[in-house]
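Structure first, commentary second.
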Amino acid sequence: MRTVHLAALAGVLAAATLLAAVDLTVGLGGWGWLVGLVVAVFGNAALARGLDRAGATSVGFANGVTLTRATLLAAVAALVADSFATAASVAVPVVVLSVPALLLDAVDGAVARRTATATAIGARFDMEVDALLIMVLSVFVARSAGHWVAVIGLARYAFLLVGEAVPWMRARLPFRYWRKVVAATAGVVLTFSASGFGPPPVTALLLMATVALLAESFGRDVVWLWTNRPAAEPRRAVTSPAGTGPVHRSAERL
């Protein structure tokens, strides 16, 4: 069995171990276990498949950090899913697990650059973990702050969905670090909102500001794609996500 396959299996086992720890600490129902394991299995399998197709012989340190984030994401997703089936509050464990997942987002890219192991697969995996964590947190916060908050998590997936129907929306985008800043801001604001520490008016204001930032960032990209549509390339291949490398396509938009 290839090393990447063993690493994927180890990642699933690590996620299962973390889910068991969460179960022992705060309790986790059947839905939580199901969602957590599905996220873990899908994430690790996707990374292993990508690395296998790229001919990689090992996961690498940077991808190992991202896998750690994916493991934390699986636990967060499990808690959020379980919150729909139980009246117990899971805000504290959700925040406790989300904070290191967000902090490590600044580590995997730095490790990849420092060790000269940055790859398109690793960058895409990092982006998908970011996007899904934001989606999960937005669903959790939407229960208390209003359904409109889910727009924060749905924005990127809506952008990709439109790209499936509109060829020029899949064209190559120029590098813009601001995308990464907006994504990080969304994660921080959602985690703060999930904690329930802030006064409702302040939380609502921060969430609305986040929606505005996303609208500006996505809107600017849509305008650029429309303006440059004659030169659009309808290819679907992925190289590196927004904020992680020199080449960007709308399919990689976070």
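Between the T115 side chain and the V111 main chain, a donor and an acceptor come within less than 3.5 Å of each other. Not a single donor-acceptor pair under 3.5 Å links the side chain of D82 to the backbone N or O of A78. A side-chain donor-acceptor contact under 3.5 Å links N44 to the backbone of A40. Judged purely by atom type and a 3.5 angstrom limit, S83 uses its side chain to pair as donor or acceptor with the backbone of V80.
Looking only at side-chain heavy atoms (C-beta outward), V182 and F218 stay at 4.5 Å or farther from each other. In this structure the side chain of V90 reaches within 4.5 angstrom of the side chain of F140, judged on heavy atoms. The side-chain heavy atoms of R69 and V107, taken from C-beta on, include no pair separated by under 4.5 Å. Under the 4.5 Å side-chain criterion, counting only non-hydrogen atoms from C-beta, L51 is in contact with N63. In this structure, the side chains of I134 and R156 stay at 4.5 Å or more apart for every pair of heavy atoms. The shortest side-chain heavy-atom distance between W178 and L213 falls under the 4.5 Å cut-off. Counting only heavy atoms from C-beta outward, the side chains of W148 and V211 approach each other to under 4.5 Å. The shortest side-chain heavy-atom distance between V222 and V162 does not fall under the 4.5 Å cut-off.
Note that R143 lies in the cation-pi zone of F84, set by a 6.0 Å cut-off to the ring centre and a 45° limit from the axis.
Annotation for W31: atom CH2 does not count as buried by contact number, only 12 or fewer foreign heavy atoms lying within 6.0 Å.
From L97, atom CG reaches atom CG of L18 across 6.0 Å, with rounding to the nearest 0.5 Å. The structure places CZ of F192 at 9.0 Å from CZ of F197, a figure rounded to the nearest 0.5 Å. Taking OG1 of T86 as the reference point, atom CG of L79 lies at 11.0 Å (rounded to 0.5 Å). In this structure, the separation between CG on L104 and CG on L67 is 11.5 Å, given to the nearest 0.5 Å. We find the CE-CG distance between M135 and L133 to be 11.5 Å, quoted to the nearest 0.5 Å. In this structure, CZ on F61 lies 13.0 Å from CZ on R114, to the nearest 0.5 angstrom.
Contact between L207 and A145 at its shortest, heavy atoms only, is CD1-CB, 3.7 Å. The shortest non-hydrogen separation linking A186 to I152 is CB-CG2, 4.1 Å. The shortest non-hydrogen separation linking S98 to V94 is OG-O, 2.7 Å. A pairwise comparison of heavy atoms in A77 and V35 identifies O-CG1, 3.8 Å as the closest pair. In this structure, V39 and A74 approach most closely via the heavy-atom pair CG1-CA, 3.9 Å. For the residue pair A8 and A48, the shortest heavy atom distance occurs at CB-CB, 3.8 Å.
Note on V139 and L154: same hydrophobic cluster, where clusters join Ile, Leu, Val, Met, Phe, Trp and Tyr whose side-chain heavy atoms are under 4.5 Å apart, directly or indirectly. At a threshold of 4.5 Å between side-chain heavy atoms, the hydrophobic network of Ile, Leu, Val, Met, Phe, Trp and Tyr places L214 and V151 in two separate groups. Hydrophobic clustering (side-chain heavy atoms under 4.5 Å, transitive across Ile, Leu, Val, Met, Phe, Trp, Tyr) groups L190 together with V181. There is a path of hydrophobic side-chain contacts, each under 4.5 Å, that joins W33 to V22. Residues V99 and V65 do not share a hydrophobic cluster, defined by chaining ILVMFWY side chains whose heavy atoms lie under 4.5 Å apart.
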### Task
Take D105 and K180, measure what side chain to side chain contact (heavy atoms under 4.5 Å, CB included) needs, and give me the verdict at the end.
CA-CA 10 Å; D105 188 27; K180 193 72 173 178; 3.6 Å; yes

### Audit row: L19, D23, side chain to side chain contact (heavy atoms under 4.5 Å, CB included) steps and yes/no
CA-CA 6 Å; L19 290 174; D23 193 5; over 6 Å; no

